[in-house]
Chemist: 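To start, I am sharing the structure in question, which I have written as structure tokens.
Computed from a predicted model, the values in this text were never measured in an experiment.
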Amino acid sequence: MTGKNMDPSGAMAVDAFAMARQGSEAHGEIPLTRLVRFMDGLPEQGAGDAGMLRWSVRGEIGRGTGKTGAVISGQPLLNLHVAATPVLVCQRCGEPFVYPVDSTAVLQLVESEDDLDDDLADLQEAQEEGLDFATDVPEKVVGSHRFDLLAQIEDELILSIPYVPRHEVCPGHAEQKAVSDADTPAEESKRPSPFAVLEQLKRKN
């Protein structure tokens with residue numbers, strides 16, 4: 001479905017309710033550089049496949065199976081999957097790094113924005129049933145016959161990125177730690193921490 005149903009504004013329009021009702025599927029790929037909101041403040045992305053976002057969507061009607069049956073039974077749903085390897089900037093060392101994204105979301109289509117207010121009721125119901133609202137209850141979105149699927153794909157990608165992106169271990173920090181460990185005498189590395197000694201004294205008293 002890459003490039004299909006594109007309107008002049010750049011939106012990817014689909015009939016969301018028909019897609020859910022018919023159980024239709026679609027998939028495609030989009031250059032990350034085309035996602036303006038996502039790219040705001042990010043560095044240059046990889047070339048070729050490295051700079052692409054791959055997505056798929058499948059419609060269905062909730063069948064009332066599993067833990068969430070009481071919530072989604074009979075409701076129109078879109079199952080969305082996005083995968084990409086965007087380049088982010090580490091907020092600890094300031095260097096760019098690749099952050100793999102592989103995310104799925106279940107979207108419950110509602111008729112109007114007034115229906116979004118039901119989330120509070122759903123939250124209470126989920127808590128009473130011992131469900132995790134964030135993972136067990138679908139996110140509600142306003143559906144339409146010209147649903148902007150591209151905007152929803154971009155939203156899911158944005159939500160998959162950490163608020164403060166960082167390396168697990170910054171390259172410079174790892175090198176500094178290795179040098180520091182090498183320069184530390186064996187006797188000194190075995191010396192107990194003064195805080196540990198203080199804790200032992202407290203216990204004796």
Chemist: Minimum heavy-atom separation for Thr104 and Glu156, please, with both atom names.
Modeler: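 Heavy-atom minimum between the residues: O-OE2, 3.9 Å.
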Chemist: I'd like to know whether Leu42 forms a side chain to side chain contact (heavy atoms under 4.5 Å, CB included) with Val89, so could you lay out the CA-CA distance, the side-chain angles of the two residues, the decisive distance to 0.1 Å, and finally the verdict.
Modeler: CA-CA 7 Å; Leu42 292 186; Val89 175; 5.8 Å; no
Chemist: Would you call Arg21-Asp15 a salt bridge at under 4.0 Å N-O?
Modeler: no
Chemist: Taking ring-ring contact (aromatic ring centres under 6.0 Å, His included) as the definition, give me every residue that meets it alongside Phe97, ordered by chain and number, with sequence neighbours left out.
Modeler: His167
Chemist: For the residue pair Arg92 and Val169, what are the closest heavy atoms and their distance?
Modeler: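 Nearest pair, atom of Arg92 first, then Val169: NH2-N, 4.3 Å.
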Chemist: Once rounded to the nearest 0.5 Å, what's the spacing between atom CZ of Phe147 and atom CE of Met12?
Modeler: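 Phe147 CZ to Met12 CE: 11.5 Å, rounded to 0.5 Å.
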Chemist: Decide yes or no on side chain to side chain contact (heavy atoms under 4.5 Å, CB included) for Val57 and Glu25, but give the supporting numbers first.
Modeler: CA-CA 6 Å; Val57 61; Glu25 298 184 18; over 6 Å; no
Chemist: Could you check if a side-chain atom of Leu157 sits within less than 4.5 angstrom of a side-chain atom of Leu32, using non-hydrogen atoms only?
Modeler: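 Leu157 reaches Leu32 side chain to side chain.
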Chemist: Donor-acceptor check, side chain of Glu154 to backbone of Phe38, threshold 3.5 angstrom: yes or no?
Modeler: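 A pair under 3.5 Å: yes.
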Chemist: Taking distance alone, no hydrogens or angles, what donor-acceptor pairs closer than 3.5 Å link side-chain atoms of residues 76-88 to residues at least two apart or in another chain?
Modeler:
residue	atom	partner	partner atom	Å
Asn79	ND2	Arg58	O	3.4
Asn79	ND2	Glu60	OE2	2.9
His81	NE2	Asp102	OD1	2.5
Thr85	OG1	Ala50	O	3.3

Chemist: If you round to the nearest 0.5 Å, how far is CE of Met39 from CZ of Arg37?
Modeler: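 One gets 13.5 Å once the value is rounded to the nearest 0.5 Å.
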Chemist: On a heavy-atom basis, which atom in Pro162 and which in Pro165 lie closest, and how many Å separate them?
Modeler: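 Between these two residues, the closest heavy atoms are O-CD, 3.5 Å.
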Chemist: Could you tell me which non-hydrogen atom of Trp55 sits nearest to which non-hydrogen atom of Glu29, and how far apart they are?
Modeler: NE1-N, 3.6 Å
Chemist: Going from OG on Ser56 to NE2 on His27, what distance comes out if it is rounded to the nearest 0.5 angstrom?
Modeler: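 Ser56 atom OG to His27 atom NE2 measures 8.5 Å (nearest 0.5 Å).
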Chemist: About how many Å separate CD1 of Ile153 and CD1 of Ile30, when rounded to the nearest 0.5 Å?
Modeler: 4.5 Å
Chemist: To the closest 0.5 Å, what do you measure between OG1 (Thr33) and CD (Glu44)?
Modeler: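 Those atoms lie 10.0 Å apart.
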Chemist: Who are the side chain to side chain donor-acceptor pair (under 3.5 Å) partners of Gln152, not counting sequence neighbours?
Modeler: none
Chemist: Crowded around Arg166 CZ? As in, over 12 foreign heavy atoms under 6.0 Å?
Modeler: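 No, because the 6.0 Å sphere around CZ of Arg166 holds 12 heavy atoms or fewer from other groups.
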Chemist: Could you report the tightest heavy-atom contact between Ser144 and Phe17, atom names first, then the distance?
Modeler: N-CE1, 3.6 Å
Chemist: Dump the intermediate steps for side chain to side chain contact (heavy atoms under 4.5 Å, CB included) on Ile158 and Leu35, then the final yes or no.
Modeler: CA-CA 10 Å; Ile158 291 172; Leu35 305 176; over 6 Å; no
Chemist: So how far is it from Ile61 CD1 to Gln22 CD, rounded to the nearest 0.5 Å?
Modeler: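 One gets 10.0 Å once the value is rounded to the nearest 0.5 Å.
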Chemist: Measuring only between side-chain heavy atoms, which start at C-beta, is Cys170 closer than 4.5 Å to Cys90?
Modeler: yes
